2 protein chains.
Amino acid sequence: MPKDPVTRNDVAEYAGVSTAVVSYVVNEGPRKVAPETRERVLDAIRALGYRPNATARALRMGTTRTFGLITPDGGNPLFAELAKAIDREAAARGYVVLQTSADGDPVTERAKIAELLTRQVSGLVLVAPTADPSLDDVEVPVIAINRVLPTVSSVRPAYRDGARAGVEHLISHGHRVIGLVIGGAGHPERELGWRDALAAAGLQEGPIARTTFSREGGYRAAQTLLEAEPTAIFASSDLQAIGVLRALHEAGLRVPDDIAVVAFDGTPETEYTWPPLTVVRQPVELVAREAVRRLIDGEESMEALTVPTELILRRSCGC
Amino acid sequence: MPKDPVTRNDVAEYAGVSTAVVSYVVNEGPRKVAPETRERVLDAIRALGYRPNATARALRMGTTRTFGLITPDGGNPLFAELAKAIDREAAARGYVVLQTSADGDPVTERAKIAELLTRQVSGLVLVAPTADPSLDDVEVPVIAINRVLPTVSSVRPAYRDGARAGVEHLISHGHRVIGLVIGGAGHPERELGWRDALAAAGLQEGPIARTTFSREGGYRAAQTLLEAEPTAIFASSDLQAIGVLRALHEAGLRVPDDIAVVAFDGTPETEYTWPPLTVVRQPVELVAREAVRRLIDGEESMEALTVPTELILRRSCGC
DNA sequence: ACCGGTCTGGAAAGCGATTGCTAGCGTCGG
DNA sequence: CCGACGCTAGCAATCGCTTTCCAGACCGGT
C-alpha cells in the first residue's frame with residue numbers, strides 16, 4: 001500500500017523545530033545544532049521513516065550527483081565490465097549512474113544524450129561513441145572512453161602499443177604469417193600496432209579481415225583468413241577471438257599447436273575459453289577510475305589520457 | 001566552457017510570452033496555443049537551445065520516470081543481458097534506469113535500495129535479490145526478477161520445469177548418471193527439476209556439487225563431480241557450465257562423446273563455447289518486458305509470474 | 001445592445017529542499 | 001549592571017516547472 005511520502009515538514013513538526021533545523025542535522029553541515037535538538041530530530045526521522053527527497057535537493061543545489069553512461073551495447077562483456085567499474089567508482093563518491101545503450105546507432109546515441117542532459121546529469125561518459133555526437137552546447141563535463149573525440153576529454157587504453165606487444169609476442173614464438181581480425185572503420189590503432197610489430201620484425205603483412213566487433217564477425221573473419229594459411233591470428237577484441245576459436249575448432253585445427261591466437265581486451269571470459277586466451281588486457285578499472293575522477297574533479301585538459309595495457313600469457317599463444 | 005543553463009523564463013522572455021505558455025507548447029498538453037504564438041515559442045527554444053529541466057519537472061509532478069535496477073553483479077552476462085533488455089523496454093516508455101551492482105552483499109544491497117529510493121525512482125527492479133531486503137516502508141512499486149520474495153511482485157523463468165526438460169533431454173540420449181552443478185542456497189528449483197526428471201525416469205540421483213554461480217565455481221565443481229564418473233552434467237547456470245567445460249577439457253574428456261553437458265540460462269556466449277552448449281534458455285526479453293510492464297501499469301497481484309523456458313539444442317548434449 | 005460561449009494568455013500557488021540573514025537569549029568582561 | 005558576543009533556531013527567498021484559476025478579446029444570436 002503506497003503511503004504518502006513523509007517530507008521534511010513532517011519531521012520538523014514532529015520534532016518541534018523548524019524545517020531549517022532538520023536540514024542542518026541531515027546534512028551535518030557547517031551549521032551547528034545543539035546535541036539535544038539534534039537527537040530529537042534524529043528520533044523524529046527514525047520514527048517517521050523520513051527519506052530526504054533528492055529531486056528537490058538537486059533542484060535547489062543545481063546538481064544531481066548523477067552520471068550518464070552510454071555504451072554501444074550493454075550486452076557486450078567489455079562494456080558491461082566498464083559499466084560495472086564506473087558504477088563502483090561513482091558509487092564510492094556518492095554518485096549513481098544512468099546507464100543506457102545506443103545500439104551503435106548515431107541517431108539513438110544523440111537522442112539518449114539529449115535525454116540524459118534533460119535529466120540534468122552532472123557528467124556524461126560516452127563509451128566508444130560514434131564519430132560525432134555533436135556536443136557543442138553541452139554544459140556538463142563529458143568524457144569519451146575508448147575513442148578520442150575532437151571536442152571532449154578522453155581516456156582509452158594504449159591500443160597501438162598494446163596490439164604491437166601482442167603481435168610481437170606471437171612473433172617471438174616464431175610465427176611468420178600472422179592474420180588480423182579487425183573491427184569496423186574508425187578504430188585504426190590496433191591495426192597500426194599489428195603493422196608496427198610486423199614491420200619491426202621485417203615480416204610481410206599478413207592477411208586482414210575487417211568485420212564487426214562480435215563473435216559472429218570473428219567467426220566469419222577467421223574462415224576467410226584461413227585461406228591464407230596463417231600460423232597465428234591476432235583478434236582486435238575478445239568477442240572476435242571467441243568467434244575465431246570456434247571457426248578454428250570447426251576446421252579441425254588445434255590451438256595453439258596448429259595455429260596460435262591472441263586477443264585484445266581480456267575480459268574475464270577469456271580465461272575460460274578453450275584453450276584459455278592469451279590477451280592484451282585493457283585496464284578497465286584504471287580507465288573507469290580516471291574517467292570518473294576527471295568528471296568529478298573537472299579535468300580541464302582536452303588531452304587524451306592513454307593508459308597502458310598488460311599482456312596476459314595463457315595457452316592460446318603456445319606458452 | 002560551461003554556459004549557464006537557459007531556463008523556461010529565458011524562453012518566455014525571448015518569445016514575449018508568459019512562462020505558462022512555454023509549458024503549454026513544450027508539453028503539447030491539453031491546453032491549446034495559437035499556432036502563431038506556438039511558432040514564436042518554438043523559435044525561441046531553438047534559438048536559445050533550451051532544454052527543459054527534468055529535475056524541476058519531477059519535483060513538481062511527483063514522478064521521475066526513472067527506474068532503479070539492482071543486480072548482484074553487473075559483470076555477469078546474464079544480468080548484463082537482463083539490464084539491457086530492461087533498459088530497452090523502459091526507454092520505449094520514456095523511462096531511464098539507474099543501474100547498480102550490489103555485489104551479492106545484503107548490506108550493500110540495502111544501502112543501494114535506500115539510495116535509489118532517496119532519488120525518488122518511480123519503480124525498483126531487484127534482480128536475484130538476497131533473501132530479505134526489508135521492503136516494508138517502500139512507497140514505490142518493486143519487482144523481483146529471478147527470485148520470488150514474500151512481499152513483492154515477481155517474475156522469473158520456470159526454473160523447475162526448465163531444469164527438468166534439460167535433464168530429460170539428457171536422459172533421452174541414454175544417460176543414466178547425470179551430475180548436477182548447483183548454485184548456493186536459496187535457489188532450490190533447478191535442483192528440484194533435476195530430481196523430477198531423474199525420478200520420473202526411475203533413475204538414481206546423480207552426484208551433486210554445490211558452488212557459486214561462477215565460472216570458477218563450475219570448474220571446481222566439475223572436478224569433484226568427475227570422481228563419480230557421470231556421463232552427463234547439468235549446470236544450473238551458463239557461467240558454471242563454462243567452468244565445467246574447461247575442467248572437462250583439462251581432464252582430456254571429449255564433449256559430448258565422453259560426457260554431455262547441458263546448462264541453464266542460455267546467454268549468447270553459450271553459442272560460441274566449444275562445443276556449443278545445449279541450453280535451457282531463460283526468456284530474458286519476456287522477463288524484462290513483463291517486469292517493466294508491471295512497474296508502469298501497476299500490477300496489483302503479488303502473484304509470481306512464471307515464464308516458460310526454451311530448450312535450445314546444440315552440440316554439447318550429443319545431438 | 002447585451003449575454004453567453006469559446007479561445008488565448010497570464011498570475012500565482014505550490015513541489016521539497018538549502019541557506020543567508022535575523023532574532024532570542026544566556027554568559028562574561030569591564 | 002550593561003553591552004557585546006556566541007550559539008541556536010527560525011523566516012523566507014529561491015531553484016525550474018506544472019497547473020488551476022481567472023481575465024480579456026471576440027464571436028454570434030437574440
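Below, chain A is the first sequence line, B the second, and so on; all start at residue 1. These numbers come from a predicted model, not from an experiment.
Listed by first then second residue, pairs satisfying side chain to side chain donor-acceptor pair (under 3.5 Å) with a partner in residues 33-45 of chain B read B/Asp43-B/Arg46, not counting sequence neighbours. Judged as a ring-ring contact (aromatic ring centres under 6.0 Å, His included), not a single pair has a partner in residues 124-151 of chain A (not counting sequence neighbours). Every pair tested for salt bridge (charged side-chain N to carboxylate O under 4.0 Å, His left out) that includes a residue from residues 96-111 of chain B fails, sequence neighbours excluded, so the list is empty.
Of all nucleotides listed (C/dA17, D/dG10, D/dC17), D/dC17 comes nearest to the side chain of B/Ser23. Nearest nucleotide to the A/Met61 side chain, out of C/dG10, C/dT19, D/dC17: C/dT19. Closest to the side chain of A/Val33, out of D/dC17, D/dA9, C/dG10, is D/dA9. Nearest to the side chain of A/Val17, among D/dC17, C/dA17, D/dG10, sits D/dG10.
Scored by the ring pair (Phe, Tyr, Trp, His ring centres under 6.0 Å) test, A/Tyr14 finds no partners at all (sequence neighbours excluded). Applying the side-chain hydrogen bond (donor to acceptor under 3.5 Å, both in side chains) criterion to B/Thr212, with sequence neighbours excluded, gives B/Ser214.
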Please list, pair by pair, any protein nitrogen or oxygen found under 3.5 Å from a nitrogen or oxygen in nucleotides 22-28 of chain D.
none

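Between the CZ atom of B/Arg65 and the C1' atom of D/dC17 there is a distance of 16 Å, given to the nearest Å. Rounding to whole angstrom units, CD of residue A/Gln120 and P of D/dG16 are separated by 9 Å. One interatomic measurement links the two molecules: CD1 of B/Ile45 to P of D/dC17, which rounds to 10 Å at whole-angstrom precision. When rounded to the nearest whole Å, the span between OH of B/Tyr24 and P of D/dC17 equals 15 Å. Straight-line distance from the NZ atom of B/Lys32 to the C1' atom of C/dT6: 10 Å, rounded to whole Å. What separates CG of A/Asn53 from P of D/dC15 is a distance of 18 Å, to the nearest Å. Distance CG (A/Asn9) to P (D/dG10): 13 Å, rounded to an integer number of Å. Rounded to whole Å, the distance from CZ on A/Arg51 to C1' on C/dA17 is 17 Å.
Across the interface with DNA chain C, nearest-nucleotide mapping of B/Gly16 and B/Leu59 shows B/Gly16 to be the residue nearer the 5′ end. Mapping A/Arg57 and B/Thr37 onto DNA chain C by nearest heavy atom places B/Thr37 closer to the 5' end of the strand.
When only modelled atom types and interatomic distance are considered, B/Thr100 and A/Asp87 share a side-chain donor-acceptor pair under 3.5 Å.
For A/Arg293 and A/Glu290, the salt-bridge test passes: some basic side-chain N is under 4.0 Å from an acidic carboxylate O.
OP1 or OP2 of D/dC17 has at least one side-chain nitrogen or oxygen of B/Tyr50 nearer than 4.0 Å.
When heavy atoms are screened at a 4.0 angstrom cut-off, B/Ala20 is found touching base atoms of the nucleic acid.
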